[in-house]
2 protein chains.
Amino acid sequence: MRADALRNRERIIDTARTVFREQGYDASLDEIAKRAGVGAGTLYRHFPNRDALLDAILQNWVERVEAATEKTLAHEGPPRELLLEWFRTYVELISLHKGGPAKITSALGDPESPIRTKCQVLTGAAERVMERLREEHAIRDDVDAVRVCQLVGGVATVADNGDLDADAVAPLLEVVADGLLRA
Amino acid sequence: MRADALRNRERIIDTARTVFREQGYDASLDEIAKRAGVGAGTLYRHFPNRDALLDAILQNWVERVEAATEKTLAHEGPPRELLLEWFRTYVELISLHKGGPAKITSALGDPESPIRTKCQVLTGAAERVMERLREEHAIRDDVDAVRVCQLVGGVATVADNGDLDADAVAPLLEVVADGLLRA
DNA sequence: GAACGATACGGAGACAGTCTCCGTTTAGCA
DNA sequence: TGCTAAACGGAGACTGTCTCCGTATCGTTC
């Protein structure tokens, strides 16, 4: 790739990250192009649509997911605490910007989604947490990681849509955790 | 209201119901106006925005909610069955059209929402179901009806976004139910 | 049943966002 | 230094939202 192309690509991603965080996932792409100092054509050549742009942004986010998972798994404690800790982390990770939880959660079950590979990192991480709990026979085994992510994603979506804070979300996560923990 | 105004109002509501069901909540309002045989101005005079139109549509839906609640409460059986029956009913009721679950669920927690009064019918119904379960000491009492509706609404939102069918939704609802039933 | 004001109609058009097309510019190689 | 493939950028086509205001209609009053 030509040096100028690479430079523009980076600038678009950086700007998009900021604008999405400021205005949510619906922000105008033309505005992102303008703020990045490029023409609309340049933005659309690099990223044919909104999702392709999001996918690029998520690249570095994937690393944060990995790190957060490690941290959670390192945390010693009873199964319920581990699960709740992971849920809190999960909600935080997918609440990148307004609309993020819905976007990511719906991508989990959609084989066609352009951001699917990135989201699979999430289910992979959930899988590791659940594997640990299964070894301890602490969790019911008829619900897989994707479903758990969808459940917790549902809570995050609701929180995102309704501007619920962490205190309001906590009891919802507890209900999900307790529902899972019986086996 | 003048007779012609009333006639147009009804036609717009009927058409909107059809179009929303066909195309989801994002359908073009100008198209609804056109299919209803009125000008855009007429539509916007009757309904200043999308939500006002939805609110009018929900009027008759409220009656269905009431009826469904009666039917569920009449159903004898163990608490878990009652709860799951209500959850299934609830998901069905709010999955009116694409985008419905997210719309309705986010309205539950938003005092400013223009469709809030309609949605309160839902929490009222949930309250009745939970009251019955509380009498039987079957349910934890630190989660109120609104939170339960948000949880189940979260599941419905995920199902709506990801085109999950009833079989895929069932285990998610079971997790929520089991989480609630311990107390 | 004619006249008249209040009410309602409807569609042109302003505005905003998405995305494409294509003439112009530039990087980077020989 | 010249050449060409690659990249740029912005005008504009298209779609959807919503407003404005000239025109039409209702229904009341005499």
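Note that the coordinates shown come from a computational prediction; the quantities given were computed from them, not determined experimentally. Labels below follow one simple rule: chain letters A, B, ... track the order of the sequence lines, proteins then strands, and each chain is numbered from 1. Heavy-atom basis, side chains included; hydrogens, waters and symmetry copies ignored.
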Please determine whether a side-chain nitrogen of the Lys or Arg among A:Asp26 and A:Arg50 lies less than 4.0 Å from a carboxylate oxygen of the Asp or Glu. no

Bend angle of the helix from C:dG1-D:dC30 to C:dA30-D:dT1, from helix axes over five pairs at each end, nearest 10°: 10°

Quick one: does [X]'s side chain have a donor or acceptor within less than 3.5 Å of a partner on [Y]'s backbone?
X: B:Lys98; Y: B:Gln23; value: no
X: A:Ser106; Y: A:Lys103; value: yes
X: A:Trp86; Y: A:Leu73; value: no
X: A:Trp61; Y: A:Ile94; value: no

Is there a salt bridge (Lys or Arg N to Asp or Glu O under 4.0 Å) between A:Asp14 and A:Arg17 once you walk through the steps? CA-CA 5 Å; A:Asp14 282 349; A:Arg17 207 194 316 274; 3.6 Å; yes

Check this for me: does the side-chain of B:Arg50 come within 3.5 Å of the base of D:dT17 through a donor and an acceptor? no

Which comes earlier along DNA chain D counting from the 5' end, the contact point of B:Pro48 or that of B:Arg2, where each point is its nearest nucleotide? B:Pro48

Sorted by position of nearest nucleotide on DNA chain D, 5' first, the leading residue of A:Thr42 and B:Tyr44 is A:Thr42

In terms of ring plane angle, is the pair B:Tyr25 and B:His97 parallel, tilted or perpendicular, where the classes change at 30° and 60°? parallel

B:Ala5: partners by side chain to side chain contact (heavy atoms under 4.5 Å, CB included), with sequence neighbours left out: B:Met1, B:Arg2, B:His46

Pull out every protein N or O sitting under 3.5 Å from an N or O of nucleotides 12-14 of chain D, one pair per line with the distance.
none

How is A:Ala36 classified with respect to the nucleic acid when contacts are heavy atoms under 4.0 Å: base, sugar-phosphate, or nothing? nothing

Taking ring pair (Phe, Tyr, Trp, His ring centres under 6.0 Å) as the cut-off, I'd like each qualifying pair that reaches into residues 143-180 of chain A, sequence neighbours left out, listed once. none

So, is B:Ser28 close to the D:dT15 phosphate, meaning a side-chain N or O under 4.0 Å from OP1 or OP2? no

In residues 3-23 of chain A, which ones come under 4.0 Å of DNA chain D, going by heavy atoms? A:Asp4, A:Ala5, A:Asn8

Covered region of DNA chain C, 5' end to 3' end, by chain B [heavy atoms, under 4.0 Å]: C:dA6 to C:dG11

Rounded to whole angstroms, how far apart are CG on B:Asn49 and P on D:dG16? 19 Å

Separation of atom CZ in A:Phe47 from atom P in D:dA7, rounded to whole Å: 13 Å

Between atom CD of B:Glu85 and atom OG1 of B:Thr72, what is the distance when rounded to the nearest 0.5 Å? 5.0 Å

Audit row: B:Ile57, B:Ile13, side-chain contact (heavy atoms from CB on, under 4.5 Å) steps and yes/no: CA-CA 6 Å; B:Ile57 290 175; B:Ile13 292 173; 4.1 Å; yes

Just checking B:Glu92: does its CD atom have more than 12 heavy atoms from other residues, nucleotides or ligands closer to it than 6.0 angstrom? no

For B:Val169 and B:Arg88, what are the C-alpha separation, side-chain angles and deciding distance, and is it a side-chain contact (heavy atoms from CB on, under 4.5 Å)? CA-CA 9 Å; B:Val169 170; B:Arg88 279 189 292 268; over 6 Å; no

